[in-house]
Q: 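Got a structure here, written out as structure tokens. Questions coming.
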Amino acid sequence: MSAIRRVATERVTRLAVKSSPYHAAVTLYEAPDTPGPSTTRRRTRVKREDVELNDQEGPGDTLPATTKRKAKAKTVKTATSATTTATKSKSPKKSKVIPQSLDVPHPAPERWKEAYDAIKEMRSRIPAPVDTMGCDQAQWKEQDPKNSRFATLISLMLSSQTKDEVTDAAVAKLRTAVGGSLSVDAVIAADEATISEAISKVGFWRRKTQYIKQAAQRLCDDFDSDVPKTVDELCSLPGVGPKMAFLALQVAWNLNLGIGVDVHVHRITNRLGWHQRPTKNPEETRLNLQSWLPKELHGEINHMLVGFGQTVCLPVGPKCDSCTLSSAGLCPSARTKKSTKRGSRDSASTTSAVESDPRPKIEIEIDNV
């Protein structure tokens, strides 16, 4: 091993004495023309040669023990960091733990069954986009069971912040773009530009393109190119949340493990007053509903309320006048329109004009004898 070499050279310069050509009393001192060492002080340079440390040091090593320890520790730390980075990149994403119940169950709201049955009866008469273009429709275009389940998952991933009509068209276009069948292998083989072009009409299509590619790779690596059968494993996939996970299990595997709560279910149940305190997000809504709603209704409530929210209980301008919940007194948020007649308006305006007249009033009473 080479040691640190320190080189310090002392240089002495002798000056030549000569008289000034301009004045006899002036003596000049100048260095000789021949190159020689300079007396100017320079910094001492330390030349260090990079060496490779070995676990076994020979007796001829001249590095101090402290320097050896520091260098060795630095090498070990670098190696450990590299190993940790490699491990992180190879290790699969940990499954998220999704809560399934409340510590204290939420009480069942009064007359909820009447409201539920009334909504169900209205939905039987009013078709909605979710009936023909929902996530459960994507599976019927596939022949292979794995592809059917994967198509359901893709439809759910695309449905976030997107109308069912747009989602259904994007799924069909993506199926054509990857070769006619939505399979894990086909999505992995397709480049991002192809996927982006196919789903460009859905909301957040750039991010969803990345999620679809990453999720397909995860399914290939960790789940034998199939959709997982647990909520936690589904939520470990990029771009998949609890709502998508519960709906995917219901549609793809026919497993009723929880309620898929989207913006429609969250909005309508709060309008109906089914929560003691208004819930702040769909997850709070889900846990409340699961604590009192009979389990046999968990699988159908999403489809029913989504269609009801698409056609009657709209986010803006709900059609309360055509909703039977209003007349039955089952919806505390119902808005009723008050009909005003022209005659009453004229009478009210006349009365207002009389009351606002500043002139003195004369009242005449006639007594009948």
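Atom set for the values below is all heavy atoms of this structure, side chains included, hydrogens, waters and symmetry mates excluded. Just so you know, residue 1 is the first one in the sequence shown, and it goes up from there.
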Q: How long is the gap from NZ on K208 to CE on M157, to the nearest 0.5 Å?
A: 9.0 Å
Q: Linking I/L/V/M/F/W/Y whenever any side-chain heavy atoms sit under 4.5 Å apart, do F223 and L156 land together?
A: yes
Q: Answer yes or no: are there more than 12 heavy-atom neighbours, outside N281 itself, under 6.0 Å from its atom CG?
A: yes
Q: Run the side chain to side chain contact (heavy atoms under 4.5 Å, CB included) test on R286 and V265 for me, step by step, so that the C-alpha distance in whole Å, both residues' side-chain angles and the decisive distance to 0.1 Å come before the verdict.
A: CA-CA 9 Å; R286 177 181 69 84; V265 180; over 6 Å; no
Q: When you compare the side chain of E283 with that of V261, does any pair of heavy atoms fall below 4.5 Å?
A: no
Q: Below 4.5 Å, heavy atoms only, C-beta onward: do P228 and L219 meet side chain to side chain?
A: yes
Q: Looking at side-chain heavy atoms only, is the closest gap between S160 and M244 below 4.5 Å?
A: yes
Q: How long is the span from the CZ atom in R267 to the CG atom in N270, to the nearest 0.5 Å?
A: 10.5 Å
Q: Would you confirm whether W253, through its side chain, and T230, through its main-chain N or O, come within 3.5 Å as a donor-acceptor pair?
A: no
Q: Which distance, rounded to the nearest 0.5 Å, do you find between the CD1 of I98 and the CG of L257?
A: 12.5 Å
Q: Could you tell me how the ring of Y116 sits relative to the ring of W274: parallel (under 30°), tilted (30 to 60°) or perpendicular (over 60°)?
A: parallel
Q: Determine whether more than 12 heavy atoms belonging to other residues, nucleotides or ligands lie under 6.0 Å from atom CD of E300.
A: yes
Q: Keeping the roles fixed (side chain from Q250, backbone from G258), state whether a donor-acceptor pair exists under 3.5 Å.
A: yes
Q: If you draw a 6.0 Å radius around CG in N254, do more than 12 non-hydrogen atoms from other residues or ligands fall strictly inside?
A: no
Q: Just how far is it from atom CZ of R111 to atom CG of L272, taken to the nearest 0.5 Å?
A: 12.0 Å
Q: Quick check for you: to the nearest 0.5 Å, what is the distance between I301 atom CD1 and K120 atom NZ?
A: 11.0 Å
Q: Using side-chain heavy atoms (C-beta onward) and a distance below 4.5 Å, is T279 in contact with T269?
A: no
Q: Looking at R123 and I126, would you say the former's side chain and the latter's main chain have a donor-acceptor pair under 3.5 Å?
A: yes
Q: I would like to know whether C313 and M122 meet side chain to side chain contact (heavy atoms under 4.5 Å, CB included); could you show each step before the answer?
A: CA-CA 11 Å; C313 196; M122 283 187 283; over 6 Å; no
Q: So, H264 and N302: side-chain donor and acceptor under 3.5 Å apart, yes or no?
A: no
Q: Tell me if a side-chain donor or acceptor on S326 pairs with a main-chain N or O of S322 at a distance below 3.5 Å.
A: no
Q: With rounding to the nearest 0.5 Å, note down the distance linking NZ in K295 to CD in Q290.
A: 9.0 Å
Q: Looking only at heavy atoms, what is the nearest atom pair of S183 and N147, with distance?
A: CB-OD1, 3.2 Å
Q: Decide yes or no on side-chain hydrogen bond (donor to acceptor under 3.5 Å, both in side chains) for N288 and T285, but give the supporting numbers first.
A: CA-CA 5 Å; N288 278 359; T285 302; over 6 Å; no
Q: If every non-hydrogen atom of V187 is compared with every non-hydrogen atom of F150, which pair is closest and at what distance?
A: CG2-CE2, 3.6 Å
Q: A quick test of your reading: do over 12 heavy atoms of other residues, nucleotides or ligands sit less than 6.0 Å from NZ of K201?
A: no
Q: Would I188 and Q217 count as a side chain to side chain contact (heavy atoms under 4.5 Å, CB included) here? Give the steps.
A: CA-CA 6 Å; I188 293 175; Q217 192 62 55; 3.7 Å; yes
Q: For L314, what residues pass the side chain to side chain contact (heavy atoms under 4.5 Å, CB included) criterion, not counting sequence neighbours?
A: K319
Q: Of all the heavy-atom pairs spanning V184 and S225, show the shortest one and how long it is.
A: CG2-O, 3.7 Å
Q: Please check: side-chain N/O of Q210 versus main-chain N/O of R207, any donor-acceptor pairing under 3.5 Å?
A: no
Q: Give me the atom names and distance for the closest heavy-atom approach of S181 to E142.
A: OG-OE1, 2.8 Å
Q: What I'd like to find out is whether the side chain of D191 reaches to under 4.5 Å of the side chain of K213, using heavy atoms alone.
A: no
Q: Going through the checks in order, is the side chain to side chain contact (heavy atoms under 4.5 Å, CB included) test met by R218 and Q214?
A: CA-CA 6 Å; R218 278 288 314 282; Q214 294 169 2; 5.8 Å; no
Q: Determine whether P105 and W292 make a side-chain contact, defined as any pair of heavy atoms from C-beta on separated by less than 4.5 Å.
A: no
Q: Any side-chain heavy-atom pair from I195 and L174 closer than 4.5 angstrom?
A: yes
Q: Other residues, nucleotides and ligands only: do more than 12 of their heavy atoms fall within 6.0 Å of NZ on K163?
A: no
Q: With the side chain counted from C-beta on, respond yes when T167 and S155 share a heavy-atom pair under 4.5 Å apart, and no when they do not.
A: yes
Q: For a quick test of reading the model, state the closest non-hydrogen atom pair linking H298 to P294 and the distance between them.
A: CD2-O, 3.2 Å
Q: If I compare all heavy atoms of G203 with all of T162, which pair ends up nearest, and what's the gap?
A: N-OG1, 3.0 Å
Q: Hydrophobic cluster mates of V251, side-chain heavy atoms under 4.5 angstrom, ILVMFWY only, any path?
A: none
